[in-house]
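Note on naming: letters A, B, ... go to the chains in the order of the sequence lines (proteins, then strands), and numbering restarts at 1 for each one.
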Amino acid sequence: MAKEYNFREIEQKWHKLWTERQTYKVTEDENREKFYVLNMFPYPSGAGLHVGHPLGYIASDIYARYKRLQGFNVLNPMGYDAYGLPAEQYAIKTGQHPEKTTFANIDRYREQLDKIGFSFDWDREVRTCAPDYYHWTQWAFQKMFNSYFDEELQKAQPIEKLIDRFKAEGTWPTDEKAQSDLLMNYRIAFLGETMVNWCPKLGTVLANDEVVEGVSVRGGYPVEQKKMRQWCLRVSAYSQRLLDGLDTIDWSESIKETQRNWIGRSEGAEIEIPYTLSINGETEGSFTIFTTRADTMFGVTFFVLAPESELVNKVTTPEQRAAVDEYIKYVKSRTERERMIDHTVTGVFSGAYGINPITGDRCPIFIAEYVLAGYGTGAIMAVPAHDSRDYAFAKHFDLPIIPLVEGADISEESYDAKEGIVVNSPISEDKSVKYDGESLCLNGLTIKEAIAETKRFVKAHNLGRVKVNYRLRDAIFSRQRYWGEPFPVYYKNGIPTMIPEECLPIELPQVEKFLPTETGEPPLGNAQIWAWDEKNRKIVDKKLIDEKAGIYPIELYTMPGFAGSSAYYLRYMDPHNNEALVSEKAASYWQNVDLYVGGSEHATGHLIYSRFWNKFLFDLGVSKKEEPFKKLVNQGMIQGRSNFVYRIKETNTFVSFGLKDKYDVTPIHVDVNIVKNDILDLEAFKAWSPEYETADFVLEDGKYVCGWAIEKMSKSMYNVVNPDMIVENYGADTLRLYEMFLGPVEQSKPWDTNGIDGCFRFLKKLWALYWDKEGNLALTGEEPSADSLKTLHKLIKKVTSDIEAFSYNTSISAFMVAVNELSQQKCSSRTILQTLPVLIAPFAPHIAEELWEAFGSEGSVCDAKWPQYEEKYLVETSIKLGVQFNGKVRFDMLFPVDATPEQMIELATSAPEAAKHLEGMQIIKTIAIPKRIVNIVVKPKA
RNA sequence: GCCCAGAUGGUGGAAUUGGUAGACACGAGGGACUUAAAAUCCCUUGGCCAGUGAUGGCCGUACGGGUUCGAUUCCCGUUCCGGGCACCA
């Protein structure tokens, strides 16, 4: 009896041995070069893992194992993003503490992950909800509170430096409240009165990336704008560094582009516009507009303010007051969602006029919702000829339109392109105001030149300044939830004050109910023991709150999901350190993440926040690199492949796919786990649900064929494939291979269990290579044949370059070819059979260990040395090349391997087969591409 | 509307970045072994045409052009699908 490939036994055995031997434990080792591989840690949901989840983990595990075989000291940790809304909502529904469900889910995840055979160092596991972890989240928040962003140095500085500056300037107030308010404008973590995305249904505020098209990402509830006092992070201060950093990292172009869009840098000019309250009135004051099209100053025919702008009150004349008030009321009544969808032109005249500093013209000032308060200065100059929104507004209110670009047709729509030659600027010489004897003239310039010239002019004559604006907003950092990190903050006479660093972590208090309080306070309002005793430095019952006794209320907000996930990669470096987030030694050794694997859906959330957070810690000297993730690979989504059965309407009879068009049928999702190769298991179907127990079938060829569709993998579509089941039926090695064989890691693709047999067969063939009929190791001790050596070295070369390029599917194909070749060669050479397990180890570690051990090798195959290929085994003695005439392949012939192109042409043209092609022809050109083709271009002799 | 990425057999996908398109795998068809099934092994498998046959010819990488001896690959235009941003001045 040949020895059977018993994957269950093998995998169980090695899971046990890996744990016992601590095979995957990593320590800092100065003698070896480090390599840091990281997966985006999962949120442990109640549904457990489906086959899509491990895709990225397998991809990174292969790379981690490969790097280790190459001699690197590889850090490959795993942990859990454990705070989150689903656990809290489940708690509200059932009264179960979110910690309980979260921990249960984590255990389930761990169990599933362990089956797949990852090389994670579980000693370094982190959980964001663990006090010894969020200790450092709170600590970082306090550091941000105590820092400001120095515009000149472009980095975070201690807030004390700013206080010193105010003192030196004599602008430091004496009143404590005033001091606090002043510093709030500078702190990197600050309490701000800002417009926030308020979701009444969830009872909390949301960050910009948590809102899509006016509804919450989680749950899809409507979101409205509300002015609230919230903790914010001054992410916008880092805009330029976040943008510049993108050029230094190895991320996909599309995700960098997404971040560039999100940061939204735009270079322009701010220009001061004096205004009057009547067409011929005296100047009352001025406001500032922002434009990226400074070249269009000569085409301004009106100005527009955002309805929320503070200027609205100043410029509204008594005659227009009623109309303006009514308009503001209307704007306020509209939700964010309505404003986003409905772009009808609305607006109202303020009564005032702005004076164009370039032309001296007086143009009406309007108030309209199409101008946003939050961007630029909340005020614009309108150039209807060259901006589509201004154009629509001008048409609606019948305002003049002045074209400024040669040949631009603006009769139907504006000309927005930044290409062309400027005209009408000015229209006549007296239409350009002189400053110090100089007036602006842009006629004849290209638009780009005109922009530069206007900026120069504006700057030279002090009419405004060159300005860069960013769309990136500060992050709202507080949530009205229970299941999150509490803020280490108390309110001393209304002034937010940090709990001393030595008293951290401030642990999440127990509450009776997870809902907001009846008075509308966040859930932490339900906590009884939630007041800060300043003198005794401890948390006490809130009944004791008394300003005179020094007992103050603690912040009721908690931190958002991204708080805990922003610096977790640093914590993995030194997860048990109670003195610091990460020790100097560990941070210096591990530096930053070399390879980060995760979904692209985090492009504008986690991946921005994390970069920001790291830059801040870099400024502090805690993080050693400006960018946290050197290389990023975005794994694609695994979609589900749903199966359908077709029920004839109002019956319990089901028609096979090929015959369904003959009946009036309703397609019904059927569990993919009772369908194989689109053939329905009839008995399993009847047992699936009582409803189908008595079902009848109309079969084709004695089979019931199901229809299929590619959809999102979800319970309701009955298309969820569980990795446990695959591991049970085929083994973890087959699962790992198949997930990678499915296609490029970065690409989204549907899961189809059908193809898995190919990978399973491959492992069985590999296994069979090693054992003779009696079940002994098949070794003849013979020297390997030249063919086998060639197969092996070809494989080493291919697999090495494919892993480096993240092209796992092609390297698995190469394995399949190699194993077929070796088995045909009846290879039983020790040299070759001993090398194969090392090569396959990153992909299929269990079988690799088993085969490695079969040779009596010491220790784990994980500590083997990755083989090098030798060119000498790959050298051919002769090569077959195609000889072409005019680009068509006519015949193949053999050439000596070291023939020069000239010799190849010589040989090809003199070959007997060439004669018929060359007869009566004249050679006009010959091209020889080494190792490919000899091309001879001919034409008939004249 | 703007930006990014993509389109290859019945299916998932290869193609040394300008050099024999369809590797590898699934599915399908045929065969061997077997009482039978499973497992395993072998052959065929992009389309069309000619031939008893070995074989030969033509077409073919979303569509239409271009550059080139030669294009899945480079350039221009079109269509379709996916992703991001979106009254951001």
Return the value, rounded to whole Å, for the distance between atom CG of A/D387 and atom C1' of B/C87.
9 Å
Closer than 4.0 Å, any side-chain N/O of A/Y370 to the OP1 or OP2 of B/A89?
no
Test: A/D295 and A/K455 ion pair at under 4.0 Å:
no
Taking any heavy-atom pair under 4.0 Å as a contact, classify A/P744: base, sugar-phosphate, or nothing.
sugar-phosphate
Ring centroid separation for A/F806 and A/Y808, is it under 6.0 angstrom?
yes
For B/G51, decide between syn and anti, treating a glycosidic angle within 90° of 0 as syn.
anti
Taking B/C26 as the reference, what is the distance to B/G22 when you measure between their C1' atoms (whole Å, please)?
15 Å
I'd like the P distance from B/C69 over to B/G64, given in whole Å.
23 Å
So, A/E412 and A/K395, do they make that salt bridge, N to O below 4.0 Å?
no
Please state the C1' separation for the pair B/U20 and B/C75 - nearest whole angstrom.
25 Å
Classify A/L742 by what it touches in the nucleic acid, base, sugar-phosphate, or nothing, heavy-atom distance under 4.0 Å.
sugar-phosphate
Separation of B/G70 P from A/I936 CD1 (nearest whole Å)
15 Å
Give a yes/no on whether any side-chain N or O of A/K764 is located under 4.0 angstrom from OP1 or OP2 of B/U40.
yes
Determine the Euclidean distance between corresponding P atoms of B/G53 and B/U45; express it in Å to zero decimal places.
15 Å
Show me, range against range, the stems involving RNA chain B, built from at least 3 consecutive Watson-Crick or G-U pairs below 3.5 Å.
B:1-4 with B:82-85, B:10-12 with B:24-26, B:27-32 with B:40-45, B:46-50 with B:55-59, B:62-66 with B:74-78
I want to confirm an ordering. Mapping A/E253 and A/T258 to their closest nucleotides on RNA chain B, which one lands closer to the 5' end?
A/E253
Sequence neighbours excluded, every pair satisfying salt bridge (charged side-chain N to carboxylate O under 4.0 Å, His left out) that has a member inside residues 799-823 of chain A:
A/K794-A/E821, A/K798-A/D802
Is A/S811 reaching over with its side chain to a backbone N or O of A/V799, donor-acceptor style, under 3.5 angstrom?
no
Over all strands shown, is A/R265 touching base, sugar-phosphate only, or nothing at heavy-atom distances under 4.0 angstrom?
nothing
Expressed as a whole number of Å, how far does the P atom of B/C48 sit from that of B/G9?
15 Å
How close or far is atom P of B/A71 from atom CD1 of A/I927, stated in whole angstroms?
12 Å
Write down the distance between CD1 (A/I608) and C1' (B/G84), rounded to a whole number of angstrom.
12 Å
A/W751 CH2 - B/U11 P separation (whole Å)
20 Å
In whole Å, measure the gap between the C1' atoms of B/G83 and B/A7 for me.
15 Å
Out of B/C87, B/A89, B/C69, minimum distance to the side chain of A/N935 belongs to B/C69
If you measure from the C1' atom in B/U72 to the same atom in B/A62, how many Å do you get, rounded?
12 Å
Going 5' to 3' along nucleotides 21-31 of chain B, which nucleotides have protein heavy atoms under 4.0 Å from the base (write B), which only from the sugar-phosphate (write S), and which from neither (write -)?
--BBSSS----
How many Å lie between CD on A/Q259 and C1' on B/G83, as a whole number?
15 Å
Can you check whether A/T291's main-chain N or O pairs, donor with acceptor, with A/K467's side chain at less than 3.5 Å?
no
Whole-Å distance between B/U40 C1' and A/L763 CG?
16 Å
Holding to ring pair (Phe, Tyr, Trp, His ring centres under 6.0 Å), I want the full list of residues that pass it with A/F741, two or more places apart in sequence or in another chain.
none
Taking the P atom in each of B/U8 and B/C59, what is the distance between them to the nearest angstrom?
22 Å
Pairs touching residues 299-309 of chain A that satisfy salt bridge (charged side-chain N to carboxylate O under 4.0 Å, His left out), sequence neighbours left out:
A/E308-A/R339
Under 4.0 Å, counting only non-hydrogen atoms across every strand here, what does A/V371 touch: a base, just sugar-phosphate, or nothing?
base
Give the rounded distance in Å between these two atoms: OH of A/Y5 and P of B/A38.
22 Å
Output the single nucleotide from B/C87, B/G13, B/A89 whose closest atom is nearest the side chain of A/T291.
B/A89
A/T346 side chain to A/Y327 side chain, donor-acceptor N/O pair below 3.5 angstrom
yes
So with a 6.0 Å cut-off around CD of A/E601, is the heavy-atom count from everything else above 12?
yes
Of all pairs that satisfy salt bridge (charged side-chain N to carboxylate O under 4.0 Å, His left out), the ones with a partner from residues 749-759 of chain A, not counting sequence neighbours
A/R641-A/D752
